Structures are given as C-alpha cells and as structure tokens.
2 protein chains.
Amino acid sequence: MAIEELSNSLPMMLYKALDTIMPKFRIIFKEFGITEPQARVLRILWQHKKIALNELSSLSLITPPSLVGVIDRMELNGFVERNNSNIDRRKIIVNLTKKGKTLESKILPKVEKVYTEIESSMTKKDLNNTLFLLNKISLIDKR
Amino acid sequence: MAIEELSNSLPMMLYKALDTIMPKFRIIFKEFGITEPQARVLRILWQHKKIALNELSSLSLITPPSLVGVIDRMELNGFVERNNSNIDRRKIIVNLTKKGKTLESKILPKVEKVYTEIESSMTKKDLNNTLFLLNKISLIDKR
DNA sequence: TATTAATAATTAATATATTAACTAAAGCCC
DNA sequence: GGGCTTTAGTTAATATATTAATTATTAATA
C-alpha cells in the first residue's frame, strides 16, 4: 500500500474504515425502516429482551441524551417499549415488542452476509488481528 | 483479553476505539473553540492553504451537505474564507485566514502529545499494524 | 434522620450526519 | 449550437451527537 495512506492519523483511519464498511450495512437497515443507531439498539435487545436504559447506553455506545431520542422514535415505530423499574424508580426499562423481535430473523442473515463479504475481502486472520488491536485501543484509559 | 470483547463486531469495535481516543483530542479542540470536524478541515488546510470544497470533502470524509455547514461556521468564526474559482465557476475554493493559520502552531503540539500518549499505551508496532489493517479495510469496495 | 453526594433520565441548545432533491455550470455528442 | 449527462455546491427534512444543565431518586454519611 502507498505510504501516504498510512501516514494518516489513527482517528482518520478509523473513520475511513467505518466510511468504507457502514454503507453496506445501512442499505440493509433502510430496507426495514431503521437507522444504524437503532440497529445497534435492536441487536442488544435481541440478546437481552429487556435492559435498563443506562446499560443500553453503555453497550450501544450511544450517550444518554442521544439514546433518549433514538428510543423515542423506536417506540413511536413500535419496535420497543418503555417501562418503569419496580426496584429503582429512577430507571427506565427498555424492552422489545413483537414487531422488534420479528426483525431479528430478517435482518441478521443479511448482516451476516455482508460480514462474510468483508471477511472474504481481507482474510479472516487480518480481521481477527484487527479486532484484537482495536480491542487493545479500547482498553486505553479514556481520560 | 476476554473473548466476549472480541466477539463484538468490527463496526462496534471501530466505534469503541474512536470512543476511547477521540475525547482526548476533543478536549484540545474545545480549548480553541473548534469542533472535531472543524479540526479535520483545519488540518487539511494547514497542508493545502487553499482547496476546492469537493476535494476538501473527500479528504476530510465529511459529505458535502455537512461540509457546507461546517465551512459556514468556520467562516463566521474567521478561520476560513470562501472564494470562487476562475477556472470552473461551479467550484468554491476554501482558503485559510491568518486566524486559521495561527491555530496550527498552537494545536498541533498538543495533538502530537496525545498521539504519543496513545503510542505509549499500545506499542508503536501495534499502532502501525493497526494502521496497516485499517488501510486494508478502507480499500474494500464501498458498494 | 437531615443533609449531602451520586445516579438515571431527561431537556435544551448547538453542531453534524444522512438522504433526497435542486440549481447552476461544465462536458459531451450529434 | 441544442440537447443530454455529469459535476459542484447548496437546500431541506429528519435523525444523531455533544455538552451543559435540570429533575427525581437513591445512596451515603455525619
């Protein structure tokens, strides 16, 4: 590869990678009338069924102020519901509706297909190395 | 590292990495009253002095509709100016003002310091490998 | 227990991102 | 040269991101 490319900074290269692969996924999400942040929320709810909003924020990497709006719109579209916690009255429990659950079997296979396509473009080994190194970065102290 | 972390998808790990390192840079940008996209624009202008808006869009990875607003605000704050191209009347040439140029010597050293801090957290070799692999990803066909 | 500190969700204000559509100016092609 | 296509910049509408501030609750503690 050309040296100029590698002379780009880590932030720019991260954005560049996202800029390359995310459009492939967004095409799928659009088919089902959801956005990418909404898809991130759905993926988590497909695993947890119900989860407190603050935990959802941590797992989705969507900050609370943004997440409030994301959940608002997903609620309006009937994908999720808000409920109050009985234990801690400050907490809001977000849970999946049938409509939200239904999307799982429709979206996941298409997402997997794109993921396989990416793997085939860069070797499974490279992909694993990338994940390993990105994980290392994510463990750096955030302050 | 724990396996669960690596079981996250490539998109999520890319976001996680950005989520870890970008706050460190944003603190610097905020000191000088600029945002992160504005800093990306400045960094390019520090190298090119003047550049057509469409090229600036490609290099900054900021799409034209977003970039219009970014340049609007940077122009209002006196960091850049818009000029018309004599050759192609469709084109807008963005060029740096003295005020925008001045920021270079103030911001770059602090940015470099953070970058060095990141390097020290993960080995220069790991960082280079990461850039190498991210570059590979960015070369995947975007369609 | 009254007070204080910390947490969860939200609101507010501003800046960006995303997609589609639109205008003006080149480029092309016959 | 008139018509067609492409390109550059912009606008519009909606969704998110970012930072600071607010409200309600809970936890902590003197």
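These numbers come from the heavy atoms of this one structure, side chains and all, not from hydrogens, waters or symmetry mates. Every chain is numbered from 1 and lettered A, B, ... according to where its sequence line falls, protein lines coming before strand lines. The structure presented is a predicted model; accordingly, all values stated were derived computationally and were not measured.
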Original post:
NA contact type, A:L67, heavy-atom cut-off 4.0 Å: base, sugar-phosphate, or nothing?
Top reply: nothing
Original post:
Across the strands shown, which category fits A:P37 at heavy-atom distances under 4.0 angstrom: base, sugar-phosphate, nothing?
Top reply: sugar-phosphate
**OP:** Tell me what A:S66 touches on the nucleic acid: a base, only sugar-phosphate, or nothing, going by heavy atoms under 4.0 Å.
**Re:** base
Original post:
Contact class for B:E36 (heavy atom, under 4.0 Å): base, sugar-phosphate, or nothing?
Top reply: nothing
Original post:
Tell me, do A:K50 and A:N83 make a side-chain contact under 4.5 Å, heavy atoms counted?
Top reply: no
Original post:
So, is the end of the A:R73 side chain (NZ or CZ) under 6.0 Å from the ring centre of A:F79 and within 45° of the ring's axis?
Top reply: no
Subject >> Under 4.0 angstrom between B:R26 side-chain N/O and D:dT18 OP1 or OP2 >> reply: yes
Original post:
Does the A:T97 side chain pair with the main chain of A:G100, one donor and one acceptor, at a distance under 3.5 Å?
Top reply: yes
Subject >> N-O pairing of A:R40 and A:E36 below 4.0 Å >> reply: yes
Original post:
Counting side-chain heavy atoms from C-beta on, which of C:dA15, C:dA26, C:dA8 comes nearest to A:N54?
Top reply: C:dA8
Original post:
Between D:dT19 atom P and B:E31 atom CD, what is the distance in whole Å?
Top reply: 14 Å
**OP:** Quickly work out the B:I71 CD1 to C:dA15 P distance and round it to whole Å.
**Re:** 14 Å
Subject >> B:N77 backbone acceptor or donor facing B:K99 side chain under 3.5 Å >> reply: yes
Original post:
Atom CG of B:L76 and atom C1' of C:dA15: how far apart are they, to the nearest Å?
Top reply: 13 Å
Subject >> Upstream residue (5' side of DNA chain C) when A:D19 and A:E55 are each assigned their closest nucleotide >> reply: A:E55
Original post:
Among A:K106, A:R26, A:K110, which residue meets the side chain to side chain donor-acceptor pair (under 3.5 Å) test with A:E31?
Top reply: A:K110
Original post:
In whole angstrom, what separates B:Q38's CD from D:dT19's C1'?
Top reply: 15 Å
Original post:
Between C:dT16 and B:R73, is there an OP1 or OP2 to side-chain N/O distance shorter than 4.0 Å?
Top reply: yes
Original post:
Roughly how many Å is it from CG in A:N86 to P in D:dT26, rounded to a whole number?
Top reply: 12 Å
Original post:
Among D:dA17, D:dT7, C:dT18, which nucleotide sits nearest the side chain of A:I62?
Top reply: D:dA17
**OP:** Using a heavy-atom cut-off of under 4.0 Å over every strand shown, decide if B:T35 touches base, sugar-phosphate, or nothing.
**Re:** sugar-phosphate
**OP:** Could you work out which one of C:dA26, D:dT16, C:dT10 sits closest to the side chain of A:V68?
**Re:** C:dT10
Original post:
Is C:dC30 paired to anything, Watson-Crick or G-U wobble with both distances less than 3.5 Å, and if yes, which nucleotide?
Top reply: D:dG1
Original post:
Roughly how many Å is it from NZ in A:K91 to P in C:dA6, rounded to a whole number?
Top reply: 18 Å
Original post:
Between atom CZ in B:F29 and atom C1' in D:dT19, what is the gap in whole Å?
Top reply: 16 Å
Original post:
Nearest nucleotide by nearest heavy atom, which residue falls closer to the 5' end of DNA chain D, B:R82 or A:D88?
Top reply: B:R82
Subject >> Selected nucleotide, minimal atom distance to B:R90 side chain, candidates C:dA26, D:dT10, C:dT10 >> reply: C:dA26
**OP:** Let me know, please, whether A:T63 or A:N77 comes out on the 5' side of the other along DNA chain D by nearest nucleotide.
**Re:** A:N77
Original post:
Does OP1 or OP2 of D:dA20 have a side-chain N or O of B:K30 closer than 4.0 Å?
Top reply: yes
**OP:** Classify the side chain of A:R89 and the base of D:dT25 as holding, or not holding, a donor-acceptor pair under 3.5 Å.
**Re:** no
Original post:
Within this structure, what is the CZ-to-C1' distance between B:F79 and C:dA15, rounded to whole angstrom?
Top reply: 15 Å
